[in-house]
Amino acid sequence: MHDIRVIRANPAAFDAALSRRGLPPIAAEVLRLDEQRVEAVRITQAAQTTRNELSRQIGAAMKAGDSATAERLKAEVKAALDAAAAATPDVHEAARDALLATLPNLLDGQVPDGVDETDNVVQHVQGSQPNRDFTPRQHFELGEALGMDFATAAKLAGARFTVLRGPLARLERALGQWMLDLHVEQHGYTECAVPLLVNDDSMYGTGQLPKFKEDLFGTTDGRWLIPTAEVPLTNFVRGEILAEASLPLRLTALSPCFRSEAGSAGRDTRGMLRQHQFAKVELVSITHPEASAAEHERMTACAEQVLTRLGLVWRRVLLCAGDTGFGAARTYDLEVWLPGQQAWREISSCSNCRDFQARRMEARFRPAEAKALEVPHTLNGSGVAVGRALIAVLETHQQEDGSVILPEVLRPYMGGIEVLRPAA
RNA sequence: GGAGAGGUGGCGGAGUGGUCGAUCGCGUCGGUCUCGAAAACCGAAGUAGGUGCAAGCCUACCGUGGGUUCGAAUCCCACCCUCUCCGCCA
(Lines give C-alpha, C1' and ligand atoms only; values in the text may rest on other atoms or scores of the structure.)
Protein backbone atom coordinates (compact mmCIF):
# COMPACT_ATOMS: atom_id res chain seq x y z
CA MET A 1 0.00 0.00 0.00
CA HIS A 2 1.30 3.38 -0.95
CA ASP A 3 1.39 6.46 1.25
CA ILE A 4 -1.21 8.81 -0.17
CA ARG A 5 0.95 11.75 0.94
CA VAL A 6 3.74 10.58 -1.32
CA ILE A 7 1.38 10.47 -4.28
CA ARG A 8 -0.04 13.88 -3.43
CA ALA A 9 3.41 15.38 -3.13
CA ASN A 10 4.55 14.21 -6.54
CA PRO A 11 2.01 12.42 -8.71
CA ALA A 12 4.20 12.58 -11.81
CA ALA A 13 7.06 10.84 -10.03
CA PHE A 14 4.67 8.16 -8.82
CA ASP A 15 3.42 7.49 -12.33
CA ALA A 16 6.95 7.44 -13.66
CA ALA A 17 7.91 4.89 -11.03
CA LEU A 18 4.96 2.64 -11.87
CA SER A 19 5.69 2.91 -15.55
CA ARG A 20 8.87 0.95 -14.92
CA ARG A 21 6.59 -2.00 -14.30
CA GLY A 22 4.78 -1.27 -17.52
CA LEU A 23 1.75 0.29 -15.84
CA PRO A 24 -0.24 3.25 -17.17
CA PRO A 25 -0.50 6.51 -15.16
CA ILE A 26 -2.86 6.18 -12.21
CA ALA A 27 -1.95 8.99 -9.80
CA ALA A 28 -4.60 11.36 -11.15
CA GLU A 29 -7.30 8.79 -10.54
CA VAL A 30 -6.02 8.09 -7.03
CA LEU A 31 -5.97 11.79 -6.23
CA ARG A 32 -9.42 12.29 -7.66
CA LEU A 33 -10.78 9.57 -5.37
CA ASP A 34 -8.89 11.04 -2.45
CA GLU A 35 -10.25 14.52 -3.07
CA GLN A 36 -13.75 13.11 -3.10
CA ARG A 37 -12.98 11.48 0.21
CA VAL A 38 -11.64 14.69 1.74
CA GLU A 39 -14.64 16.65 0.57
CA ALA A 40 -16.99 14.09 2.11
CA VAL A 41 -14.99 14.18 5.34
CA ARG A 42 -15.30 17.95 5.55
CA ILE A 43 -19.06 17.88 5.05
CA THR A 44 -19.57 15.07 7.52
CA GLN A 45 -17.38 16.57 10.20
CA ALA A 46 -19.05 19.96 9.92
CA ALA A 47 -22.45 18.33 10.46
CA GLN A 48 -21.08 16.36 13.40
CA THR A 49 -19.73 19.54 14.96
CA THR A 50 -23.17 21.11 14.69
CA ARG A 51 -24.82 18.02 16.12
CA ASN A 52 -22.44 17.87 19.07
CA GLU A 53 -22.96 21.53 19.93
CA LEU A 54 -26.72 21.42 19.65
CA SER A 55 -26.94 18.16 21.55
CA ARG A 56 -25.29 19.83 24.49
CA GLN A 57 -27.86 22.62 24.28
CA ILE A 58 -30.66 20.09 24.08
CA GLY A 59 -29.41 18.46 27.24
CA ALA A 60 -29.34 21.82 28.98
CA ALA A 61 -32.78 22.76 27.72
CA MET A 62 -34.30 19.50 28.87
CA LYS A 63 -32.70 19.86 32.26
CA ALA A 64 -34.28 23.32 32.47
CA GLY A 65 -37.63 21.86 31.46
CA ASP A 66 -37.73 23.83 28.24
CA SER A 67 -39.08 21.16 25.95
CA ALA A 68 -40.08 23.65 23.24
CA THR A 69 -36.48 24.73 22.76
CA ALA A 70 -35.33 21.13 22.90
CA GLU A 71 -37.71 20.11 20.16
CA ARG A 72 -36.70 23.05 18.01
CA LEU A 73 -33.03 22.15 18.41
CA LYS A 74 -33.74 18.51 17.62
CA ALA A 75 -35.26 19.58 14.34
CA GLU A 76 -32.20 21.68 13.66
CA VAL A 77 -29.89 18.71 14.28
CA LYS A 78 -31.97 16.52 12.05
CA ALA A 79 -31.80 19.10 9.29
CA ALA A 80 -28.02 19.39 9.60
CA LEU A 81 -27.54 15.63 9.55
CA ASP A 82 -29.93 15.14 6.66
CA ALA A 83 -28.11 17.78 4.66
CA ALA A 84 -24.84 15.93 5.13
CA ALA A 85 -26.22 12.44 4.70
CA ALA A 86 -25.19 12.18 1.08
CA ALA A 87 -21.54 12.63 2.00
CA THR A 88 -20.10 9.18 2.60
CA PRO A 89 -16.44 9.42 3.53
CA ASP A 90 -16.18 5.70 4.26
CA VAL A 91 -17.40 4.79 0.80
CA HIS A 92 -14.91 7.13 -0.82
CA GLU A 93 -12.09 5.96 1.35
CA ALA A 94 -12.89 2.36 0.47
CA ALA A 95 -12.90 3.26 -3.22
CA ARG A 96 -9.53 4.96 -2.95
CA ASP A 97 -8.01 2.12 -0.96
CA ALA A 98 -9.42 -0.52 -3.28
CA LEU A 99 -7.50 1.10 -6.10
CA LEU A 100 -4.35 1.61 -4.05
CA ALA A 101 -4.45 -2.02 -2.97
CA THR A 102 -3.99 -3.17 -6.56
CA LEU A 103 -0.89 -1.07 -7.22
CA PRO A 104 2.46 -2.83 -6.86
CA ASN A 105 5.38 -1.57 -4.85
CA LEU A 106 7.72 1.01 -6.31
CA LEU A 107 11.02 -0.39 -7.48
CA ASP A 108 14.42 0.31 -6.06
CA GLY A 109 16.44 2.69 -8.22
CA GLN A 110 19.05 0.05 -8.98
CA VAL A 111 16.58 -2.47 -10.33
CA PRO A 112 17.41 -2.92 -14.01
CA ASP A 113 14.86 -2.22 -16.70
CA GLY A 114 13.34 -5.22 -18.39
CA VAL A 115 10.18 -7.13 -19.03
CA ASP A 116 10.92 -10.72 -18.06
CA GLU A 117 13.56 -13.06 -16.69
CA THR A 118 15.79 -12.66 -19.71
CA ASP A 119 16.55 -9.13 -18.51
CA ASN A 120 17.63 -10.19 -15.03
CA VAL A 121 21.22 -9.49 -14.13
CA VAL A 122 23.52 -12.25 -12.91
CA GLN A 123 25.62 -10.84 -10.11
CA HIS A 124 27.56 -13.79 -8.83
CA VAL A 125 28.22 -17.43 -9.70
CA GLN A 126 29.40 -19.87 -7.05
CA GLY A 127 30.83 -23.34 -7.49
CA SER A 128 31.53 -25.40 -10.54
CA GLN A 129 30.38 -28.70 -11.89
CA PRO A 130 32.57 -31.70 -11.25
CA ASN A 131 33.88 -33.37 -14.38
CA ARG A 132 31.76 -36.34 -15.27
CA ASP A 133 32.15 -39.02 -17.86
CA PHE A 134 28.45 -39.77 -17.94
CA THR A 135 25.32 -37.86 -18.80
CA PRO A 136 23.66 -36.63 -15.60
CA ARG A 137 20.08 -37.72 -15.15
CA GLN A 138 17.15 -35.58 -14.13
CA HIS A 139 15.90 -35.86 -10.57
CA PHE A 140 12.81 -37.85 -11.46
CA GLU A 141 14.88 -40.35 -13.39
CA LEU A 142 17.11 -40.85 -10.38
CA GLY A 143 14.23 -40.56 -7.99
CA GLU A 144 12.18 -43.46 -9.21
CA ALA A 145 14.75 -45.94 -7.97
CA LEU A 146 15.31 -43.99 -4.76
CA GLY A 147 11.71 -43.80 -3.52
CA MET A 148 10.10 -40.99 -5.49
CA ASP A 149 6.57 -42.02 -6.44
CA PHE A 150 4.44 -39.85 -8.68
CA ALA A 151 1.88 -42.50 -9.59
CA THR A 152 0.80 -43.03 -6.02
CA ALA A 153 0.71 -39.28 -5.39
CA ALA A 154 -1.49 -38.82 -8.44
CA LYS A 155 -3.84 -41.48 -7.16
CA LEU A 156 -4.02 -39.84 -3.76
CA ALA A 157 -4.28 -36.22 -4.78
CA GLY A 158 -3.81 -35.66 -8.49
CA ALA A 159 -1.12 -34.03 -10.54
CA ARG A 160 1.65 -31.92 -8.98
CA PHE A 161 2.06 -33.99 -5.84
CA THR A 162 4.82 -36.39 -4.88
CA VAL A 163 5.14 -39.28 -2.48
CA LEU A 164 8.61 -39.89 -1.05
CA ARG A 165 9.58 -43.16 0.57
CA GLY A 166 12.40 -44.42 2.71
CA PRO A 167 15.72 -42.56 2.80
CA LEU A 168 14.45 -40.06 0.26
CA ALA A 169 11.60 -39.07 2.58
CA ARG A 170 14.15 -38.78 5.32
CA LEU A 171 16.33 -36.63 3.09
CA GLU A 172 13.55 -34.12 2.73
CA ARG A 173 13.12 -34.02 6.48
CA ALA A 174 16.88 -33.75 6.97
CA LEU A 175 17.15 -30.81 4.58
CA GLY A 176 14.41 -28.89 6.36
CA GLN A 177 15.79 -29.62 9.81
CA TRP A 178 19.32 -28.71 8.86
CA MET A 179 18.38 -25.44 7.17
CA LEU A 180 16.26 -24.43 10.13
CA ASP A 181 19.06 -25.26 12.57
CA LEU A 182 21.54 -23.32 10.45
CA HIS A 183 19.46 -20.16 10.48
CA VAL A 184 18.64 -20.42 14.16
CA GLU A 185 22.09 -21.36 15.40
CA GLN A 186 24.30 -19.45 12.97
CA HIS A 187 22.21 -16.62 11.57
CA GLY A 188 20.26 -15.32 14.53
CA TYR A 189 16.74 -16.15 13.44
CA THR A 190 14.02 -17.22 15.85
CA GLU A 191 12.36 -20.50 14.97
CA CYS A 192 8.59 -20.28 14.71
CA ALA A 193 5.82 -22.79 14.19
CA VAL A 194 2.95 -21.07 12.46
CA PRO A 195 -0.62 -21.59 11.28
CA LEU A 196 -0.80 -22.96 7.76
CA LEU A 197 -4.29 -21.54 7.36
CA VAL A 198 -4.74 -17.78 7.60
CA ASN A 199 -7.51 -15.23 7.26
CA ASP A 200 -8.19 -12.54 4.65
CA ASP A 201 -6.47 -9.81 6.65
CA SER A 202 -3.20 -11.72 6.69
CA MET A 203 -3.31 -12.41 2.96
CA TYR A 204 -4.08 -8.77 2.33
CA GLY A 205 -1.24 -7.64 4.59
CA THR A 206 1.47 -9.39 2.62
CA GLY A 207 -0.17 -8.61 -0.73
CA GLN A 208 -1.61 -11.94 -1.92
CA LEU A 209 -5.06 -10.39 -1.69
CA PRO A 210 -6.95 -8.89 -3.32
CA LYS A 211 -5.10 -9.37 -6.62
CA PHE A 212 -3.78 -12.93 -6.55
CA LYS A 213 -6.66 -14.93 -5.17
CA GLU A 214 -6.46 -17.45 -7.99
CA ASP A 215 -2.97 -18.51 -6.90
CA LEU A 216 -4.27 -19.61 -3.52
CA PHE A 217 -6.17 -22.56 -2.14
CA GLY A 218 -9.12 -21.49 0.00
CA THR A 219 -10.92 -23.45 2.67
CA THR A 220 -14.63 -24.02 3.10
CA ASP A 221 -14.70 -21.70 6.11
CA GLY A 222 -13.15 -18.71 4.37
CA ARG A 223 -9.51 -19.22 5.27
CA TRP A 224 -6.54 -19.71 2.95
CA LEU A 225 -3.70 -22.20 2.83
CA ILE A 226 -0.44 -20.32 3.02
CA PRO A 227 1.57 -20.17 -0.21
CA THR A 228 4.65 -19.42 1.91
CA ALA A 229 5.42 -18.96 5.60
CA GLU A 230 6.19 -15.36 4.69
CA VAL A 231 2.49 -14.72 5.18
CA PRO A 232 2.10 -15.77 8.80
CA LEU A 233 5.59 -14.66 9.84
CA THR A 234 5.30 -11.16 8.37
CA ASN A 235 1.80 -10.75 9.78
CA PHE A 236 3.19 -11.24 13.28
CA VAL A 237 3.54 -7.44 13.37
CA ARG A 238 0.22 -6.57 11.75
CA GLY A 239 -1.51 -3.82 13.70
CA GLU A 240 1.36 -3.62 16.18
CA ILE A 241 3.35 -0.67 17.42
CA LEU A 242 6.82 -2.06 17.93
CA ALA A 243 9.57 -0.73 20.15
CA GLU A 244 12.51 0.48 18.11
CA ALA A 245 14.80 -1.56 20.33
CA SER A 246 13.02 -4.76 19.26
CA LEU A 247 14.22 -4.29 15.68
CA PRO A 248 15.37 -6.08 13.71
CA LEU A 249 13.01 -8.99 14.20
CA ARG A 250 14.38 -12.10 12.49
CA LEU A 251 11.95 -14.99 12.17
CA THR A 252 12.18 -18.34 10.44
CA ALA A 253 9.84 -21.26 9.93
CA LEU A 254 9.84 -24.57 8.14
CA SER A 255 6.43 -25.07 6.64
CA PRO A 256 4.54 -26.69 3.85
CA CYS A 257 3.48 -24.23 1.15
CA PHE A 258 0.39 -24.56 -1.00
CA ARG A 259 0.03 -23.03 -4.43
CA SER A 260 -2.65 -23.54 -7.00
CA GLU A 261 -0.20 -22.95 -9.84
CA ALA A 262 -3.03 -21.48 -11.85
CA GLY A 263 -1.64 -20.25 -15.12
CA SER A 264 1.30 -22.62 -15.16
CA ALA A 265 -0.52 -25.53 -16.74
CA GLY A 266 1.86 -27.53 -18.86
CA ARG A 267 4.98 -26.03 -17.25
CA ASP A 268 7.35 -28.33 -15.39
CA THR A 269 4.85 -31.13 -15.34
CA ARG A 270 7.44 -33.86 -14.85
CA GLY A 271 9.02 -34.45 -11.49
CA MET A 272 8.66 -32.49 -8.29
CA LEU A 273 9.95 -29.13 -9.42
CA ARG A 274 6.56 -27.41 -9.45
CA GLN A 275 4.11 -28.80 -6.94
CA HIS A 276 0.86 -27.81 -5.29
CA GLN A 277 2.53 -28.58 -1.99
CA PHE A 278 6.16 -28.24 -1.02
CA ALA A 279 8.24 -27.59 2.07
CA LYS A 280 10.21 -24.41 2.49
CA VAL A 281 12.28 -22.73 5.14
CA GLU A 282 11.36 -19.07 5.15
CA LEU A 283 13.28 -16.11 6.51
CA VAL A 284 11.51 -12.90 7.50
CA SER A 285 13.02 -9.71 8.87
CA ILE A 286 11.28 -6.65 10.22
CA THR A 287 13.72 -3.77 10.31
CA HIS A 288 14.26 -0.09 10.80
CA PRO A 289 13.85 1.65 7.41
CA GLU A 290 17.48 2.63 7.32
CA ALA A 291 18.59 -0.93 7.96
CA SER A 292 16.61 -2.78 5.34
CA ALA A 293 19.07 -2.51 2.45
CA ALA A 294 21.84 -4.06 4.52
CA GLU A 295 19.42 -6.63 5.92
CA HIS A 296 18.52 -7.64 2.38
CA GLU A 297 22.17 -8.42 1.63
CA ARG A 298 22.52 -10.25 4.91
CA MET A 299 19.40 -12.32 4.38
CA THR A 300 20.45 -13.28 0.88
CA ALA A 301 23.84 -14.31 2.22
CA CYS A 302 22.08 -16.56 4.75
CA ALA A 303 20.25 -18.31 1.94
CA GLU A 304 23.44 -18.58 -0.09
CA GLN A 305 25.10 -20.34 2.83
CA VAL A 306 22.57 -23.12 2.51
CA LEU A 307 23.42 -23.72 -1.12
CA THR A 308 27.14 -23.48 -0.63
CA ARG A 309 27.18 -25.90 2.28
CA LEU A 310 25.17 -28.39 0.28
CA GLY A 311 27.86 -28.26 -2.38
CA LEU A 312 25.51 -26.91 -5.02
CA VAL A 313 26.32 -24.69 -7.94
CA TRP A 314 24.37 -21.49 -7.74
CA ARG A 315 24.17 -17.93 -8.92
CA ARG A 316 22.63 -14.76 -7.64
CA VAL A 317 20.39 -12.81 -9.95
CA LEU A 318 19.04 -9.30 -9.49
CA LEU A 319 15.54 -9.33 -10.89
CA CYS A 320 14.62 -6.75 -13.48
CA ALA A 321 11.63 -4.44 -13.25
CA GLY A 322 9.26 -6.77 -15.08
CA ASP A 323 10.21 -9.84 -13.06
CA THR A 324 10.10 -8.28 -9.59
CA GLY A 325 7.07 -9.35 -7.59
CA PHE A 326 4.09 -7.23 -6.59
CA GLY A 327 5.18 -6.44 -3.05
CA ALA A 328 8.91 -6.17 -3.60
CA ALA A 329 11.04 -3.11 -4.21
CA ARG A 330 14.08 -5.23 -5.00
CA THR A 331 14.54 -8.97 -5.28
CA TYR A 332 17.46 -11.36 -5.59
CA ASP A 333 16.75 -14.80 -6.90
CA LEU A 334 19.15 -17.57 -6.13
CA GLU A 335 19.26 -20.08 -8.94
CA VAL A 336 20.76 -23.51 -8.63
CA TRP A 337 22.29 -25.38 -11.51
CA LEU A 338 20.50 -28.63 -12.24
CA PRO A 339 22.94 -30.75 -14.23
CA GLY A 340 20.29 -33.28 -15.18
CA GLN A 341 18.05 -30.60 -16.56
CA GLN A 342 20.98 -28.53 -17.76
CA ALA A 343 19.32 -25.38 -16.48
CA TRP A 344 19.42 -22.75 -13.76
CA ARG A 345 16.31 -22.97 -11.60
CA GLU A 346 15.08 -20.67 -8.89
CA ILE A 347 15.57 -22.12 -5.43
CA SER A 348 15.28 -18.96 -3.36
CA SER A 349 13.87 -15.50 -3.73
CA CYS A 350 14.87 -12.74 -1.31
CA SER A 351 12.92 -9.50 -1.35
CA ASN A 352 13.03 -6.17 0.34
CA CYS A 353 9.43 -4.97 0.52
CA ARG A 354 10.37 -1.78 2.34
CA ASP A 355 7.28 -0.17 3.86
CA PHE A 356 4.84 -1.63 1.34
CA GLN A 357 3.60 -4.59 3.36
CA ALA A 358 4.03 -2.75 6.65
CA ARG A 359 1.62 -0.06 5.50
CA ARG A 360 -0.90 -2.65 4.43
CA MET A 361 -0.56 -4.30 7.80
CA GLU A 362 -0.54 -0.99 9.68
CA ALA A 363 2.63 -2.03 11.43
CA ARG A 364 4.61 0.78 13.01
CA PHE A 365 7.38 1.36 15.47
CA ARG A 366 8.05 4.06 18.00
CA PRO A 367 11.43 5.73 17.57
CA ALA A 368 13.45 5.96 20.76
CA GLU A 369 13.66 9.73 20.35
CA ALA A 370 9.89 9.55 20.39
CA LYS A 371 8.09 11.76 17.96
CA ALA A 372 5.81 10.46 15.28
CA LEU A 373 5.46 6.73 14.72
CA GLU A 374 7.39 5.32 11.78
CA VAL A 375 6.74 2.45 9.43
CA PRO A 376 9.22 -0.45 9.57
CA HIS A 377 10.46 -2.36 6.55
CA THR A 378 9.74 -6.01 5.88
CA LEU A 379 11.88 -8.51 4.06
CA ASN A 380 11.39 -12.14 3.19
CA GLY A 381 13.46 -14.82 1.58
CA SER A 382 13.49 -18.54 1.07
CA GLY A 383 16.22 -20.15 3.01
CA VAL A 384 15.59 -22.27 0.93
CA ALA A 385 12.87 -24.24 -0.87
CA VAL A 386 13.27 -27.77 0.48
CA GLY A 387 11.76 -29.67 -2.44
CA ARG A 388 13.97 -27.94 -4.95
CA ALA A 389 17.00 -28.36 -2.69
CA LEU A 390 16.31 -32.08 -2.70
CA ILE A 391 16.19 -32.06 -6.48
CA ALA A 392 19.43 -30.13 -6.65
CA VAL A 393 21.18 -32.47 -4.23
CA LEU A 394 20.12 -35.49 -6.27
CA GLU A 395 21.15 -34.06 -9.60
CA THR A 396 24.36 -32.47 -8.37
CA HIS A 397 25.68 -35.34 -6.31
CA GLN A 398 24.54 -38.24 -8.48
CA GLN A 399 26.92 -40.99 -9.54
CA GLU A 400 26.96 -42.93 -12.75
CA ASP A 401 25.23 -45.91 -11.10
CA GLY A 402 22.31 -43.77 -9.99
CA SER A 403 23.41 -43.46 -6.40
CA VAL A 404 23.70 -40.11 -4.67
CA ILE A 405 26.44 -39.10 -2.27
CA LEU A 406 24.91 -36.99 0.47
CA PRO A 407 26.50 -33.69 1.51
CA GLU A 408 28.43 -33.89 4.78
CA VAL A 409 26.21 -31.42 6.54
CA LEU A 410 23.15 -33.62 6.12
CA ARG A 411 24.67 -36.84 7.40
CA PRO A 412 24.02 -36.17 11.09
CA TYR A 413 20.38 -35.80 10.13
CA MET A 414 20.38 -39.02 8.09
CA GLY A 415 21.18 -41.51 10.82
CA GLY A 416 24.51 -42.40 9.31
CA ILE A 417 23.34 -42.80 5.74
CA GLU A 418 26.00 -41.37 3.44
CA VAL A 419 24.85 -42.59 0.09
CA LEU A 420 21.40 -43.09 -1.38
CA ARG A 421 21.44 -46.25 -3.44
CA PRO A 422 18.94 -47.19 -6.10
CA ALA A 423 16.78 -50.18 -5.35
CA ALA A 424 18.25 -52.56 -7.90
C1' G B 1 -21.29 -28.87 19.39
C1' G B 2 -24.10 -27.25 24.32
C1' A B 3 -24.26 -23.77 28.68
C1' G B 4 -22.30 -19.52 31.01
C1' A B 5 -18.92 -15.13 31.70
C1' G B 6 -16.21 -11.39 29.44
C1' G B 7 -13.67 -8.06 25.66
C1' U B 8 -12.29 -0.20 28.03
C1' G B 9 -5.77 3.58 27.00
C1' G B 10 1.38 -0.07 28.01
C1' C B 11 -0.90 -3.13 32.24
C1' G B 12 -4.74 -3.53 36.09
C1' G B 13 -9.44 -1.73 36.70
C1' A B 14 -13.92 2.01 37.20
C1' G B 15 -17.68 3.77 34.33
C1' U B 16 -24.87 1.38 32.44
C1' G B 17 -27.84 7.38 27.98
C1' G B 18 -25.70 14.06 28.54
C1' U B 19 -18.79 18.23 28.35
C1' C B 20 -16.29 10.54 28.85
C1' G B 21 -11.12 10.28 25.00
C1' A B 22 -12.93 8.26 29.27
C1' U B 23 -12.21 8.34 37.46
C1' C B 24 -8.33 5.71 39.79
C1' G B 25 -3.91 2.56 40.61
C1' C B 26 0.65 0.62 38.51
C1' G B 27 4.21 1.35 34.91
C1' U B 28 6.66 5.14 31.45
C1' C B 29 8.74 10.12 30.51
C1' G B 30 9.99 15.32 32.30
C1' G B 31 10.69 18.35 36.66
C1' U B 32 11.32 19.67 42.10
C1' C B 33 14.07 17.73 46.22
C1' U B 34 19.19 15.01 46.74
C1' C B 35 26.33 14.60 46.48
C1' G B 36 23.66 10.76 43.73
C1' A B 37 19.55 7.59 44.14
C1' A B 38 15.06 5.98 46.49
C1' A B 39 10.74 8.03 48.53
C1' A B 40 7.55 12.13 48.22
C1' C B 41 5.45 15.97 45.41
C1' C B 42 4.31 18.57 40.59
C1' G B 43 3.55 17.82 35.50
C1' A B 44 3.36 15.16 30.66
C1' A B 45 1.87 11.23 27.79
C1' G B 46 -3.14 7.22 22.73
C1' U B 47 -4.27 6.39 17.26
C1' A B 48 -6.15 8.16 12.73
C1' G B 49 -8.41 11.92 9.73
C1' G B 50 -9.76 17.18 8.60
C1' U B 51 -8.17 22.35 9.03
C1' G B 52 -4.32 26.03 9.89
C1' C B 53 2.23 29.24 8.41
C1' A B 54 1.95 27.98 13.43
C1' A B 55 0.07 27.70 18.41
C1' G B 56 -4.08 25.35 18.03
C1' C B 57 -9.01 23.93 16.72
C1' C B 58 -12.46 20.19 14.85
C1' U B 59 -14.00 14.89 13.85
C1' A B 60 -13.81 9.71 14.75
C1' C B 61 -12.13 5.61 17.62
C1' C B 62 -13.95 1.93 24.65
C1' G B 63 -13.36 -6.20 20.16
C1' U B 64 -15.74 -5.56 14.75
C1' G B 65 -19.99 -4.08 11.89
C1' G B 66 -24.96 -2.35 11.97
C1' G B 67 -29.25 -0.11 14.69
C1' U B 68 -32.13 3.09 18.37
C1' U B 69 -31.56 8.37 20.09
C1' C B 70 -30.94 15.35 19.67
C1' G B 71 -26.93 12.66 22.25
C1' A B 72 -24.11 5.73 23.08
C1' A B 73 -18.19 3.06 26.31
C1' U B 74 -23.19 2.76 28.32
C1' C B 75 -29.49 0.32 25.17
C1' C B 76 -30.66 -3.37 20.81
C1' C B 77 -28.93 -6.94 16.77
C1' A B 78 -25.15 -9.74 14.19
C1' C B 79 -20.28 -11.38 13.97
C1' C B 80 -15.16 -12.17 15.91
C1' C B 81 -12.07 -13.37 19.96
C1' U B 82 -10.88 -14.89 25.15
C1' C B 83 -12.09 -17.59 29.66
C1' U B 84 -14.99 -21.49 32.63
C1' C B 85 -17.91 -26.01 32.65
C1' C B 86 -19.97 -30.19 29.69
C1' G B 87 -19.59 -33.23 25.22
C1' C B 88 -16.43 -34.90 21.23
C1' C B 89 -11.52 -35.49 19.50
C1' A B 90 -5.42 -35.59 17.50
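Each chain gets a letter, A, B and so on, in the order its sequence line appears, and its residues count up from 1.
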Discussion item. For a quick check under 3.5 Å, do A:D215 and A:S260 share a side-chain donor-acceptor pair by atom type?
Written reply: no
Discussion item. Ignoring hydrogens and geometry beyond distance, is a side-chain donor-acceptor pair present between A:W224 and A:S202 at under 3.5 Å?
Written reply: no
Worksheet item: What's the CD1-P distance between A:I241 and B:G46, to the nearest Å?
Response: 11 Å
Worksheet item: Atom CD of A:Q48 to atom P of B:U19: distance rounded to whole Å?
Response: 18 Å
Below 3.5 Å, can you tabulate the donor-acceptor pairs from side chains in residues 408-424 of chain A to any protein atom, sequence neighbours excluded?
from: A:R411; atom 1: NE; to: A:L406; atom 2: O; distance (Å): 3.0
from: A:R411; atom 1: NH2; to: A:L406; atom 2: O; distance (Å): 2.8
from: A:Y413; atom 1: OH; to: A:D181; atom 2: OD2; distance (Å): 2.6

Worksheet item: So, is the end of the A:R388 side chain (NZ or CZ) under 6.0 Å from the ring centre of A:F278 and within 45° of the ring's axis?
Response: no
Discussion item. Tell me whether the side-chain N/O atoms of A:R359 come closer than 4.0 Å to OP1 or OP2 in B:A48.
Written reply: no
Validation: residues 140-159 of chain A side-chain donor-acceptor distances under 3.5 Å, sequence neighbours left out:
from: A:E141; atom 1: OE1; to: A:Q138; atom 2: N; distance (Å): 2.6
from: A:D149; atom 1: OD1; to: A:A151; atom 2: N; distance (Å): 3.1
from: A:D149; atom 1: OD1; to: A:T152; atom 2: N; distance (Å): 2.8
from: A:D149; atom 1: OD1; to: A:T152; atom 2: OG1; distance (Å): 3.2
from: A:D149; atom 1: OD2; to: A:T152; atom 2: OG1; distance (Å): 2.4
from: A:D149; atom 1: OD2; to: A:R165; atom 2: NH1; distance (Å): 2.8
from: A:D149; atom 1: OD2; to: A:R165; atom 2: NH2; distance (Å): 3.3

Would you measure the distance from the [atom1] atom in [N] across to the matching atom in [M] and give it in whole Å?
N     : M     : atom1 : result
B:A72 : B:G65 : C1'   : 15 Å
B:C75 : B:U16 : C1'   : 9 Å
B:G31 : B:C20 : C1'   : 29 Å
B:G9  : B:A3  : P     : 30 Å
B:G50 : B:A40 : C1'   : 44 Å
B:G27 : B:G17 : P     : 34 Å
B:C89 : B:U74 : C1'   : 41 Å
B:G43 : B:C62 : P     : 29 Å

Worksheet, complete the sentence: For A:I347 and A:A392 the tightest heavy-atom approach is CD1-CB, 4.5 Å
Fill in: Non-hydrogen atoms of A:T287 and A:P248 that approach each other most closely
CG2-CB, 4.1 Å
Worksheet item: Could you give the distance from CZ (A:R345) to CD (A:E335), rounded to the nearest 0.5 Å?
Response: 9.0 Å
Worksheet item: According to a 3.5 Å limit on both distances, what stems of 3 or more consecutive Watson-Crick or G-U pairs are formed with RNA chain B?
Response: B:1-7 with B:80-86, B:10-12 with B:24-26, B:28-32 with B:40-44, B:46-51 with B:56-61, B:63-67 with B:75-79
Worksheet entry | Any residue meeting ring-ring contact (aromatic ring centres under 6.0 Å, His included) with A:H92, in chain and number order, not counting sequence neighbours | none
Discussion item. Using a 4.0 Å heavy-atom cut-off to protein, can you give one letter per nucleotide of nucleotides 65-82 of chain B, 5' to 3': B if the base is in contact, S if only the sugar-phosphate is, - if neither?
Written reply: -----BS-----------
Worksheet item: Once the angle between the rings of A:Y189 and A:H183 is folded into 0 to 90°, is it parallel (under 30°), tilted (30 to 60°) or perpendicular (over 60°)?
Response: perpendicular
Item to complete: Could you tell me whether A:H276 and A:F161 have their ring centroids closer than 6.0 angstrom?
Response: yes
List, with names and distances, any nitrogen or oxygen atoms from the protein found under 3.5 Å away from nitrogen or oxygen atoms belonging to nucleotides 49-51 of chain B.
from: B:G49; atom 1: N2; to: A:Q45; atom 2: OE1; distance (Å): 3.0
from: B:G49; atom 1: N2; to: A:Q45; atom 2: NE2; distance (Å): 3.2
from: B:G50; atom 1: OP1; to: A:R8; atom 2: NH2; distance (Å): 3.4
from: B:G50; atom 1: OP1; to: A:R37; atom 2: NH2; distance (Å): 2.9
from: B:U51; atom 1: OP1; to: A:R42; atom 2: NE; distance (Å): 3.4
from: B:U51; atom 1: OP1; to: A:R42; atom 2: NH2; distance (Å): 2.6

